[in-house]
Protein chains: 2
Amino acid sequence: MTKYLMERPHTLIALPFFAKRYGAAKSSISEDLAILKHTLADNEDGILETVAGAAGGVRYIPFLGQKPAEKYLNDLAGRIQDSSRILPGGFVYLSDILGKPYDLEMIGKLIATRYAYADIEAVMTVETKGISLANAVASYLNVPAVTARKRSKVTEGATVSVNYMSSSTSRVAKMELPTRALDKETNVLIVDDFMKGGGTLDGMRQLVKEFNCQVAGVCVLCETEYKDERKIKDYVSLINIDQIDSEKEIILAQPGNFLTRTNFDRF
Amino acid sequence: MTKYLMERPHTLIALPFFAKRYGAAKSSISEDLAILKHTLADNEDGILETVAGAAGGVRYIPFLGQKPAEKYLNDLAGRIQDSSRILPGGFVYLSDILGKPYDLEMIGKLIATRYAYADIEAVMTVETKGISLANAVASYLNVPAVTARKRSKVTEGATVSVNYMSSSTSRVAKMELPTRALDKETNVLIVDDFMKGGGTLDGMRQLVKEFNCQVAGVCVLCETEYKDERKIKDYVSLINIDQIDSEKEIILAQPGNFLTRTNFDRF
(Lines give C-alpha, C1' and ligand atoms only; values in the text may rest on other atoms or scores of the structure.)
Protein backbone atom coordinates (compact mmCIF):
# COMPACT_ATOMS: atom_id res chain seq x y z
CA MET A 1 0.00 0.00 0.00
CA THR A 2 2.91 2.32 0.86
CA LYS A 3 4.52 1.51 -2.48
CA TYR A 4 1.26 2.01 -4.37
CA LEU A 5 0.68 5.43 -2.80
CA MET A 6 4.30 6.57 -3.20
CA GLU A 7 4.21 5.74 -6.88
CA ARG A 8 1.11 7.91 -7.35
CA PRO A 9 1.73 11.17 -5.47
CA HIS A 10 -1.08 13.75 -5.35
CA THR A 11 -3.58 11.12 -6.55
CA LEU A 12 -6.71 10.32 -4.57
CA ILE A 13 -7.13 6.58 -4.04
CA ALA A 14 -10.51 5.34 -2.80
CA LEU A 15 -10.41 3.09 0.29
CA PRO A 16 -12.61 0.36 -1.28
CA PHE A 17 -9.90 0.01 -3.94
CA PHE A 18 -7.30 -0.95 -1.33
CA ALA A 19 -9.79 -3.14 0.53
CA LYS A 20 -10.47 -5.10 -2.66
CA ARG A 21 -6.81 -5.22 -3.77
CA TYR A 22 -5.60 -6.66 -0.49
CA GLY A 23 -8.74 -8.61 0.41
CA ALA A 24 -8.96 -6.76 3.71
CA ALA A 25 -11.73 -5.02 5.64
CA LYS A 26 -12.01 -1.26 5.19
CA SER A 27 -11.45 -0.82 8.91
CA SER A 28 -8.06 -2.55 8.88
CA ILE A 29 -7.04 -0.59 5.77
CA SER A 30 -7.93 2.59 7.67
CA GLU A 31 -5.85 1.49 10.66
CA ASP A 32 -2.82 0.75 8.48
CA LEU A 33 -3.17 4.10 6.75
CA ALA A 34 -3.30 5.84 10.14
CA ILE A 35 0.01 4.20 11.09
CA LEU A 36 1.55 5.27 7.77
CA LYS A 37 0.27 8.83 8.27
CA HIS A 38 1.90 9.08 11.70
CA THR A 39 5.18 7.55 10.54
CA LEU A 40 5.41 10.03 7.66
CA ALA A 41 4.59 12.94 9.99
CA ASP A 42 7.11 11.78 12.62
CA ASN A 43 9.87 11.70 10.02
CA GLU A 44 8.63 14.98 8.45
CA ASP A 45 8.83 13.13 5.15
CA GLY A 46 5.42 13.23 3.53
CA ILE A 47 1.74 13.89 4.19
CA LEU A 48 -1.06 11.39 3.94
CA GLU A 49 -4.30 13.27 3.36
CA THR A 50 -7.57 11.57 4.04
CA VAL A 51 -10.67 12.86 2.31
CA ALA A 52 -13.96 11.84 3.92
CA GLY A 53 -17.24 11.06 2.18
CA ALA A 54 -18.45 8.95 -0.71
CA ALA A 55 -15.93 10.45 -3.15
CA GLY A 56 -13.22 10.26 -0.50
CA GLY A 57 -10.02 8.33 -0.11
CA VAL A 58 -6.40 8.89 0.64
CA ARG A 59 -3.69 10.92 -1.08
CA TYR A 60 0.09 10.94 -0.61
CA ILE A 61 1.75 14.38 -0.80
CA PRO A 62 5.57 14.38 -0.98
CA PHE A 63 6.44 17.00 1.64
CA LEU A 64 9.62 17.59 3.63
CA GLY A 65 9.67 19.31 7.01
CA GLN A 66 11.79 22.34 7.89
CA LYS A 67 14.42 20.31 9.76
CA PRO A 68 15.28 17.83 6.97
CA ALA A 69 15.09 20.75 4.48
CA GLU A 70 17.60 22.84 6.46
CA LYS A 71 19.86 19.87 7.01
CA TYR A 72 19.94 18.97 3.33
CA LEU A 73 20.38 22.53 2.04
CA ASN A 74 23.25 23.22 4.47
CA ASP A 75 24.93 19.99 3.38
CA LEU A 76 24.41 20.86 -0.31
CA ALA A 77 25.73 24.41 0.16
CA GLY A 78 28.81 22.91 1.82
CA ARG A 79 29.39 20.63 -1.14
CA ILE A 80 28.97 23.51 -3.60
CA GLN A 81 31.62 25.53 -1.72
CA ASP A 82 34.38 23.63 -3.49
CA SER A 83 36.75 25.82 -5.49
CA SER A 84 37.22 23.13 -8.16
CA ARG A 85 33.61 23.86 -9.17
CA ILE A 86 34.49 27.38 -10.34
CA LEU A 87 34.33 27.70 -14.12
CA PRO A 88 35.33 30.66 -16.29
CA GLY A 89 32.74 33.46 -16.50
CA GLY A 90 31.30 33.09 -13.02
CA PHE A 91 29.70 29.70 -13.67
CA VAL A 92 29.69 26.75 -11.33
CA TYR A 93 29.99 23.06 -12.20
CA LEU A 94 26.78 21.39 -10.99
CA SER A 95 26.36 18.51 -13.46
CA ASP A 96 27.41 15.90 -10.87
CA ILE A 97 24.67 17.04 -8.48
CA LEU A 98 22.10 17.16 -11.28
CA GLY A 99 22.92 13.55 -12.23
CA LYS A 100 22.92 11.99 -8.76
CA PRO A 101 19.70 10.14 -7.84
CA TYR A 102 19.86 11.13 -4.15
CA ASP A 103 20.31 14.84 -4.87
CA LEU A 104 17.61 14.86 -7.54
CA GLU A 105 15.28 13.12 -5.10
CA MET A 106 15.90 15.66 -2.34
CA ILE A 107 15.85 18.72 -4.62
CA GLY A 108 12.73 17.40 -6.36
CA LYS A 109 10.99 16.81 -3.03
CA LEU A 110 11.94 20.23 -1.70
CA ILE A 111 10.55 22.08 -4.70
CA ALA A 112 7.46 19.82 -4.67
CA THR A 113 7.03 20.75 -0.98
CA ARG A 114 7.10 24.48 -1.73
CA TYR A 115 4.45 24.12 -4.45
CA ALA A 116 2.49 21.17 -3.01
CA TYR A 117 -0.69 23.25 -2.66
CA ALA A 118 -0.21 25.58 -5.64
CA ASP A 119 -2.26 23.50 -8.11
CA ILE A 120 0.68 23.08 -10.48
CA GLU A 121 -0.35 21.39 -13.75
CA ALA A 122 3.02 21.32 -15.56
CA VAL A 123 6.70 21.97 -14.85
CA MET A 124 8.70 23.84 -17.50
CA THR A 125 12.42 24.22 -18.01
CA VAL A 126 14.83 25.01 -20.84
CA GLU A 127 17.53 22.65 -22.06
CA THR A 128 19.98 21.34 -20.95
CA LYS A 129 20.84 21.18 -17.29
CA GLY A 130 17.41 22.05 -15.96
CA ILE A 131 15.89 18.90 -17.49
CA SER A 132 16.78 16.37 -14.79
CA LEU A 133 15.66 18.90 -12.18
CA ALA A 134 12.31 19.51 -13.91
CA ASN A 135 11.64 15.78 -14.23
CA ALA A 136 12.40 15.20 -10.55
CA VAL A 137 9.99 17.96 -9.50
CA ALA A 138 7.36 16.75 -11.98
CA SER A 139 7.55 13.20 -10.63
CA TYR A 140 6.81 14.36 -7.04
CA LEU A 141 4.01 16.69 -8.18
CA ASN A 142 2.83 13.99 -10.62
CA VAL A 143 2.41 16.39 -13.55
CA PRO A 144 4.11 16.48 -16.98
CA ALA A 145 7.47 18.16 -17.52
CA VAL A 146 7.99 20.21 -20.68
CA THR A 147 11.34 21.34 -22.05
CA ALA A 148 11.86 24.48 -24.11
CA ARG A 149 14.73 24.28 -26.59
CA LYS A 150 17.28 26.86 -27.52
CA ARG A 151 17.41 25.90 -31.17
CA SER A 152 15.06 24.44 -33.70
CA LYS A 153 15.02 20.67 -33.91
CA VAL A 154 13.34 18.65 -36.62
CA THR A 155 11.98 16.18 -34.08
CA GLU A 156 9.54 18.50 -32.39
CA GLY A 157 7.16 19.63 -35.13
CA ALA A 158 5.53 23.08 -35.05
CA THR A 159 6.82 25.38 -32.31
CA VAL A 160 6.17 28.75 -30.71
CA SER A 161 9.32 30.77 -30.12
CA VAL A 162 10.28 33.87 -28.13
CA ASN A 163 13.40 36.03 -28.04
CA TYR A 164 15.08 36.71 -24.73
CA MET A 165 18.12 38.50 -23.43
CA SER A 166 20.62 36.06 -22.03
CA SER A 167 22.30 37.79 -19.11
CA SER A 168 25.24 35.40 -19.15
CA THR A 169 26.21 36.12 -22.75
CA SER A 170 24.55 39.57 -23.08
CA ARG A 171 23.06 38.47 -26.38
CA VAL A 172 19.57 38.12 -27.70
CA ALA A 173 18.74 34.44 -27.99
CA LYS A 174 15.72 32.39 -28.99
CA MET A 175 13.91 29.59 -27.23
CA GLU A 176 10.95 27.57 -28.38
CA LEU A 177 8.42 24.98 -27.35
CA PRO A 178 6.31 22.62 -29.51
CA THR A 179 2.76 23.93 -29.93
CA ARG A 180 1.38 20.64 -28.62
CA ALA A 181 3.49 20.70 -25.44
CA LEU A 182 1.08 22.80 -23.35
CA ASP A 183 -2.69 23.20 -23.32
CA LYS A 184 -4.24 26.65 -22.81
CA GLU A 185 -4.79 27.85 -19.23
CA THR A 186 -2.26 25.44 -17.74
CA ASN A 187 -0.78 26.47 -14.39
CA VAL A 188 2.98 26.24 -14.99
CA LEU A 189 5.88 26.09 -12.54
CA ILE A 190 9.15 27.29 -14.11
CA VAL A 191 12.39 25.70 -12.82
CA ASP A 192 16.04 25.99 -13.79
CA ASP A 193 19.43 25.09 -12.39
CA PHE A 194 21.11 28.49 -12.31
CA MET A 195 20.08 32.14 -12.28
CA LYS A 196 22.31 35.14 -12.84
CA GLY A 197 20.34 38.01 -14.36
CA GLY A 198 17.17 36.00 -14.86
CA GLY A 199 17.04 36.56 -18.64
CA THR A 200 16.50 32.89 -19.45
CA LEU A 201 13.77 32.59 -16.81
CA ASP A 202 12.17 35.72 -18.24
CA GLY A 203 12.19 34.03 -21.67
CA MET A 204 10.35 31.05 -20.21
CA ARG A 205 7.84 33.39 -18.58
CA GLN A 206 7.17 34.96 -21.99
CA LEU A 207 6.79 31.53 -23.52
CA VAL A 208 4.21 30.54 -20.91
CA LYS A 209 2.23 33.68 -21.76
CA GLU A 210 2.41 32.93 -25.50
CA PHE A 211 0.64 29.65 -24.74
CA ASN A 212 -2.07 31.52 -22.78
CA CYS A 213 -0.98 29.80 -19.60
CA GLN A 214 -0.21 31.13 -16.10
CA VAL A 215 3.12 31.19 -14.30
CA ALA A 216 2.50 29.65 -10.88
CA GLY A 217 6.05 30.21 -9.69
CA VAL A 218 9.72 30.44 -10.61
CA CYS A 219 12.19 28.28 -8.72
CA VAL A 220 15.94 27.81 -9.24
CA LEU A 221 18.50 25.52 -7.68
CA CYS A 222 21.20 28.23 -7.42
CA GLU A 223 21.06 31.98 -7.65
CA THR A 224 24.32 33.84 -7.92
CA GLU A 225 25.42 37.43 -7.40
CA TYR A 226 24.36 39.85 -10.12
CA LYS A 227 25.22 43.54 -10.15
CA ASP A 228 22.47 44.92 -12.37
CA GLU A 229 18.76 44.72 -11.82
CA ARG A 230 17.35 41.21 -12.23
CA LYS A 231 14.66 40.57 -14.83
CA ILE A 232 12.88 38.30 -12.38
CA LYS A 233 12.05 39.63 -8.93
CA ASP A 234 9.70 37.03 -7.56
CA TYR A 235 11.54 33.73 -7.38
CA VAL A 236 12.50 30.98 -4.96
CA SER A 237 16.11 29.76 -4.75
CA LEU A 238 17.36 26.67 -2.92
CA ILE A 239 20.99 27.81 -2.81
CA ASN A 240 22.44 31.30 -2.85
CA ILE A 241 26.00 31.60 -4.13
CA ASP A 242 27.22 34.83 -2.50
CA GLN A 243 30.64 35.03 -3.97
CA ILE A 244 32.67 33.42 -6.73
CA ASP A 245 36.27 34.54 -6.93
CA SER A 246 38.19 32.52 -9.48
CA GLU A 247 41.50 34.24 -8.70
CA LYS A 248 41.38 33.58 -4.98
CA GLU A 249 39.61 30.28 -5.64
CA ILE A 250 36.79 31.12 -3.27
CA ILE A 251 33.16 30.14 -3.66
CA LEU A 252 30.70 30.89 -0.87
CA ALA A 253 27.24 29.29 -0.78
CA GLN A 254 24.38 29.08 1.68
CA PRO A 255 20.71 28.08 1.63
CA GLY A 256 18.70 30.50 -0.54
CA ASN A 257 15.36 32.17 0.19
CA PHE A 258 13.60 28.78 -0.04
CA LEU A 259 13.58 28.27 3.72
CA THR A 260 11.88 31.60 4.47
CA ARG A 261 9.54 31.36 1.51
CA THR A 262 8.11 27.92 2.24
CA ASN A 263 5.26 27.17 4.63
CA PHE A 264 6.36 23.96 6.33
CA ASP A 265 3.49 24.19 8.80
CA ARG A 266 1.50 21.24 7.50
CA PHE A 267 2.34 18.36 9.79
CA MET B 1 10.48 0.50 5.96
CA THR B 2 8.97 0.05 2.49
CA LYS B 3 9.49 3.74 1.81
CA TYR B 4 13.06 3.65 3.13
CA LEU B 5 13.98 0.69 0.92
CA MET B 6 12.23 2.06 -2.17
CA GLU B 7 14.12 5.32 -1.88
CA ARG B 8 17.46 3.45 -1.82
CA PRO B 9 17.30 0.80 -4.57
CA HIS B 10 20.24 -1.58 -4.95
CA THR B 11 21.53 -0.57 -1.49
CA LEU B 12 22.16 -3.15 1.23
CA ILE B 13 20.52 -2.13 4.52
CA ALA B 14 21.55 -4.04 7.66
CA LEU B 15 18.69 -5.47 9.72
CA PRO B 16 19.96 -3.98 13.02
CA PHE B 17 19.55 -0.55 11.41
CA PHE B 18 15.82 -1.12 10.92
CA ALA B 19 15.50 -2.73 14.34
CA LYS B 20 17.00 0.39 15.94
CA ARG B 21 15.11 2.86 13.75
CA TYR B 22 11.71 1.39 14.53
CA GLY B 23 12.52 0.16 18.06
CA ALA B 24 11.47 -3.37 17.08
CA ALA B 25 12.96 -6.83 17.55
CA LYS B 26 15.03 -8.20 14.68
CA SER B 27 12.62 -11.12 14.39
CA SER B 28 9.60 -8.91 13.77
CA ILE B 29 11.59 -6.82 11.26
CA SER B 30 12.42 -10.09 9.46
CA GLU B 31 8.77 -11.11 9.44
CA ASP B 32 7.67 -7.76 7.99
CA LEU B 33 10.36 -7.98 5.32
CA ALA B 34 9.17 -11.49 4.40
CA ILE B 35 5.65 -10.12 3.84
CA LEU B 36 7.04 -7.29 1.71
CA LYS B 37 9.12 -9.74 -0.31
CA HIS B 38 6.08 -11.89 -1.09
CA THR B 39 3.88 -8.93 -1.94
CA LEU B 40 6.49 -7.61 -4.39
CA ALA B 41 6.89 -11.06 -5.96
CA ASP B 42 3.12 -11.59 -6.22
CA ASN B 43 2.75 -8.31 -8.09
CA GLU B 44 5.93 -8.98 -10.13
CA ASP B 45 6.96 -5.47 -9.15
CA GLY B 46 10.31 -5.68 -7.39
CA ILE B 47 12.70 -8.06 -5.67
CA LEU B 48 13.70 -7.97 -2.03
CA GLU B 49 17.05 -9.70 -1.68
CA THR B 50 18.15 -10.91 1.71
CA VAL B 51 21.85 -11.39 2.32
CA ALA B 52 22.69 -13.64 5.28
CA GLY B 53 25.61 -13.31 7.65
CA ALA B 54 27.27 -10.61 9.74
CA ALA B 55 27.65 -8.24 6.78
CA GLY B 56 24.15 -9.12 5.59
CA GLY B 57 20.90 -7.25 5.29
CA VAL B 58 18.23 -6.53 2.76
CA ARG B 59 18.26 -4.89 -0.65
CA TYR B 60 15.41 -3.66 -2.87
CA ILE B 61 15.87 -4.29 -6.61
CA PRO B 62 13.38 -2.53 -8.90
CA PHE B 63 12.34 -5.36 -11.22
CA LEU B 64 9.25 -5.86 -13.34
CA GLY B 65 7.94 -9.25 -14.36
CA GLN B 66 7.24 -10.35 -17.92
CA LYS B 67 3.48 -9.85 -17.65
CA PRO B 68 3.50 -6.21 -16.51
CA ALA B 69 6.34 -5.55 -19.01
CA GLU B 70 4.34 -6.96 -21.94
CA LYS B 71 1.21 -5.16 -20.84
CA TYR B 72 2.96 -1.80 -20.58
CA LEU B 73 4.92 -2.13 -23.84
CA ASN B 74 1.82 -3.13 -25.79
CA ASP B 75 -0.04 -0.17 -24.35
CA LEU B 76 2.86 2.17 -25.15
CA ALA B 77 3.19 0.82 -28.72
CA GLY B 78 -0.54 1.48 -29.15
CA ARG B 79 -0.16 5.07 -28.02
CA ILE B 80 2.81 5.60 -30.35
CA GLN B 81 0.74 4.36 -33.32
CA ASP B 82 -0.90 7.76 -33.63
CA SER B 83 -0.40 9.41 -37.00
CA SER B 84 -0.29 12.90 -35.44
CA ARG B 85 3.10 11.87 -34.01
CA ILE B 86 4.68 11.66 -37.47
CA LEU B 87 7.17 14.47 -38.06
CA PRO B 88 9.03 15.36 -41.27
CA GLY B 89 12.11 13.22 -41.99
CA GLY B 90 10.87 9.99 -40.45
CA PHE B 91 10.91 11.28 -36.87
CA VAL B 92 8.28 10.67 -34.24
CA TYR B 93 7.02 13.08 -31.56
CA LEU B 94 7.80 11.47 -28.20
CA SER B 95 8.34 14.49 -25.93
CA ASP B 96 4.99 14.00 -24.20
CA ILE B 97 5.91 10.44 -23.20
CA LEU B 98 9.39 11.52 -22.10
CA GLY B 99 7.87 14.18 -19.84
CA LYS B 100 5.14 12.09 -18.19
CA PRO B 101 6.01 10.78 -14.69
CA TYR B 102 4.13 7.49 -15.14
CA ASP B 103 5.81 6.65 -18.46
CA LEU B 104 9.25 7.63 -17.18
CA GLU B 105 8.66 5.44 -14.13
CA MET B 106 7.67 2.42 -16.20
CA ILE B 107 10.36 2.89 -18.87
CA GLY B 108 12.97 3.52 -16.16
CA LYS B 109 11.93 0.39 -14.27
CA LEU B 110 11.93 -1.75 -17.41
CA ILE B 111 15.46 -0.75 -18.41
CA ALA B 112 16.59 -1.12 -14.77
CA THR B 113 15.09 -4.63 -14.86
CA ARG B 114 17.07 -5.61 -17.95
CA TYR B 115 20.35 -4.40 -16.39
CA ALA B 116 19.57 -5.13 -12.72
CA TYR B 117 22.41 -7.65 -12.43
CA ALA B 118 24.86 -6.09 -14.91
CA ASP B 119 26.84 -4.08 -12.31
CA ILE B 120 26.06 -0.77 -13.99
CA GLU B 121 27.97 2.13 -12.41
CA ALA B 122 26.73 5.04 -14.55
CA VAL B 123 24.06 5.76 -17.18
CA MET B 124 25.06 7.92 -20.15
CA THR B 125 22.97 9.74 -22.72
CA VAL B 126 23.34 12.67 -25.10
CA GLU B 127 21.22 15.80 -24.95
CA THR B 128 18.35 16.55 -25.23
CA LYS B 129 15.52 14.05 -25.21
CA GLY B 130 17.45 11.15 -23.71
CA ILE B 131 18.06 13.08 -20.49
CA SER B 132 14.77 12.41 -18.70
CA LEU B 133 15.06 8.76 -19.75
CA ALA B 134 18.63 8.45 -18.44
CA ASN B 135 17.68 10.02 -15.11
CA ALA B 136 14.75 7.67 -14.69
CA VAL B 137 16.94 4.62 -15.33
CA ALA B 138 19.70 5.99 -13.09
CA SER B 139 17.25 6.52 -10.22
CA TYR B 140 16.13 2.86 -10.30
CA LEU B 141 19.70 1.56 -10.63
CA ASN B 142 20.80 4.16 -8.05
CA VAL B 143 23.85 5.29 -10.04
CA PRO B 144 24.77 8.71 -11.50
CA ALA B 145 23.50 9.86 -14.90
CA VAL B 146 25.90 11.72 -17.19
CA THR B 147 24.90 13.75 -20.24
CA ALA B 148 27.10 14.26 -23.29
CA ARG B 149 26.53 17.53 -25.09
CA LYS B 150 26.40 18.25 -28.77
CA ARG B 151 28.08 21.65 -28.49
CA SER B 152 30.55 23.29 -26.22
CA LYS B 153 29.10 25.06 -23.23
CA VAL B 154 30.98 27.39 -20.95
CA THR B 155 29.39 25.86 -17.87
CA GLU B 156 31.02 22.47 -18.08
CA GLY B 157 34.76 23.15 -17.86
CA ALA B 158 37.30 20.91 -19.64
CA THR B 159 35.78 18.28 -21.92
CA VAL B 160 36.71 15.28 -24.04
CA SER B 161 35.07 15.28 -27.46
CA VAL B 162 34.53 12.77 -30.29
CA ASN B 163 33.26 13.11 -33.82
CA TYR B 164 30.43 10.90 -35.00
CA MET B 165 28.34 10.39 -38.08
CA SER B 166 24.75 11.37 -37.45
CA SER B 167 22.62 9.00 -39.50
CA SER B 168 19.59 11.29 -39.33
CA THR B 169 21.36 14.30 -40.86
CA SER B 170 24.16 12.40 -42.69
CA ARG B 171 26.67 14.87 -41.31
CA VAL B 172 29.72 14.58 -39.12
CA ALA B 173 28.90 16.03 -35.72
CA LYS B 174 30.68 16.40 -32.42
CA MET B 175 29.71 15.42 -28.90
CA GLU B 176 31.55 15.96 -25.67
CA LEU B 177 31.57 15.18 -21.99
CA PRO B 178 33.28 17.01 -19.11
CA THR B 179 36.53 15.28 -18.10
CA ARG B 180 35.30 15.05 -14.51
CA ALA B 181 32.00 13.39 -15.43
CA LEU B 182 33.30 9.79 -15.47
CA ASP B 183 36.03 7.99 -13.54
CA LYS B 184 38.25 5.45 -15.32
CA GLU B 185 37.03 1.83 -15.53
CA THR B 186 33.38 2.76 -14.95
CA ASN B 187 30.82 0.29 -16.27
CA VAL B 188 28.51 2.46 -18.39
CA LEU B 189 24.99 1.81 -19.71
CA ILE B 190 24.21 3.94 -22.79
CA VAL B 191 20.56 4.95 -23.29
CA ASP B 192 18.76 7.16 -25.80
CA ASP B 193 15.24 7.87 -26.93
CA PHE B 194 15.46 7.05 -30.63
CA MET B 195 17.71 5.03 -32.94
CA LYS B 196 17.80 5.14 -36.70
CA GLY B 197 21.27 4.26 -38.00
CA GLY B 198 22.87 4.18 -34.56
CA GLY B 199 25.44 6.91 -35.37
CA THR B 200 24.73 8.89 -32.22
CA LEU B 201 24.91 5.76 -30.07
CA ASP B 202 28.19 4.88 -31.76
CA GLY B 203 29.49 8.35 -30.82
CA MET B 204 28.61 7.68 -27.19
CA ARG B 205 30.35 4.32 -27.38
CA GLN B 206 33.51 6.06 -28.61
CA LEU B 207 33.21 8.61 -25.83
CA VAL B 208 33.00 5.85 -23.20
CA LYS B 209 36.19 4.34 -24.63
CA GLU B 210 37.97 7.71 -24.57
CA PHE B 211 37.34 7.76 -20.81
CA ASN B 212 38.82 4.25 -20.48
CA CYS B 213 35.45 2.92 -19.40
CA GLN B 214 33.42 -0.12 -20.53
CA VAL B 215 30.10 -0.17 -22.35
CA ALA B 216 27.84 -2.49 -20.36
CA GLY B 217 24.94 -2.18 -22.78
CA VAL B 218 23.08 0.03 -25.24
CA CYS B 219 19.34 0.50 -24.78
CA VAL B 220 16.90 2.70 -26.67
CA LEU B 221 13.25 3.53 -26.19
CA CYS B 222 12.40 3.31 -29.91
CA GLU B 223 14.21 1.82 -32.85
CA THR B 224 12.93 2.64 -36.30
CA GLU B 225 13.39 1.15 -39.73
CA TYR B 226 16.75 1.83 -41.37
CA LYS B 227 17.74 0.64 -44.82
CA ASP B 228 21.54 0.64 -44.55
CA GLU B 229 23.65 -1.30 -42.13
CA ARG B 230 23.40 -0.08 -38.54
CA LYS B 231 26.50 1.14 -36.73
CA ILE B 232 25.29 -0.59 -33.58
CA LYS B 233 24.39 -4.27 -33.77
CA ASP B 234 24.08 -5.25 -30.14
CA TYR B 235 21.31 -3.18 -28.58
CA VAL B 236 18.06 -3.52 -26.69
CA SER B 237 14.93 -1.64 -27.82
CA LEU B 238 11.70 -1.24 -25.90
CA ILE B 239 9.63 -0.28 -28.93
CA ASN B 240 10.13 -1.12 -32.59
CA ILE B 241 8.59 1.29 -35.08
CA ASP B 242 8.15 -0.87 -38.21
CA GLN B 243 6.79 1.67 -40.54
CA ILE B 244 6.35 5.41 -40.78
CA ASP B 245 4.49 6.62 -43.83
CA SER B 246 3.82 10.35 -43.65
CA GLU B 247 1.83 10.38 -46.89
CA LYS B 248 -0.59 7.66 -45.89
CA GLU B 249 -0.38 8.84 -42.26
CA ILE B 250 0.49 5.40 -41.00
CA ILE B 251 2.78 4.58 -38.12
CA LEU B 252 3.14 0.99 -36.94
CA ALA B 253 4.78 0.13 -33.62
CA GLN B 254 5.17 -2.96 -31.46
CA PRO B 255 7.30 -4.05 -28.50
CA GLY B 256 10.99 -4.23 -29.47
CA ASN B 257 13.57 -6.93 -28.75
CA PHE B 258 13.47 -6.04 -25.02
CA LEU B 259 11.01 -8.83 -24.19
CA THR B 260 13.15 -11.57 -25.76
CA ARG B 261 16.41 -10.11 -24.49
CA THR B 262 15.48 -9.83 -20.83
CA ASN B 263 15.68 -12.63 -18.28
CA PHE B 264 12.57 -12.14 -16.17
CA ASP B 265 13.13 -15.41 -14.38
CA ARG B 266 14.03 -13.95 -11.01
CA PHE B 267 10.88 -14.15 -8.93
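Inspection of non-hydrogen atoms places B/A138, B/S139, B/N142, B/V143, B/P144, B/A145 of residues 136-146 of chain B under 4.5 Å from chain A. Along residues 35-43 of chain A, the residues that come nearer than 4.5 angstrom to chain B, judged on non-hydrogen atoms, are A/L40, A/N43 in order of number.
Between A/E7 and B/K109 there is a salt bridge, since at least one side-chain N of the basic residue sits less than 4.0 Å from a carboxylate O of the acidic one.
Note that the NZ atom of A/K3 and the CE atom of B/M6 stand 5.0 Å from one another [nearest 0.5 Å]. The OG atom of A/S84 sits 5.5 Å away from atom CZ of B/R180, with the distance rounded to the nearest 0.5 Å.
Between B/E127 and A/R149 the shortest side-chain heavy-atom distance does not fall below 4.5 Å. Counting heavy atoms from C-beta on, the side chains of A/M1 and B/T2 never come closer than 4.5 Å.
More than 12 heavy atoms of other residues, nucleotides or ligands shown are found within 6.0 angstrom of CG on B/D75. Remark: B/D245 CG is packed, more than 12 non-hydrogen atoms of other residues, nucleotides or ligands lying under 6.0 Å away.
Residue B/Y4 does not touch chain A at all, counting heavy-atom pairs closer than 4.5 Å. Interface remark: B/R8 contributes no atoms to any contact with chain A (heavy atom separation under 4.5 Å). Residue B/P9 does not touch chain A at all, counting heavy-atom pairs closer than 4.5 Å.
For the residue pair B/L98 and A/N135, the shortest heavy atom distance occurs at O-OD1, 3.8 Å.
Between chain B and the residues A/L5, A/D45, A/L104, the most heavy-atom pairs under 4.5 angstrom are made by A/D45. Options A/D96, A/I86, A/I131, A/T128 differ in how many heavy-atom pairs under 4.5 Å they form with chain B, and the most are formed by A/T128.
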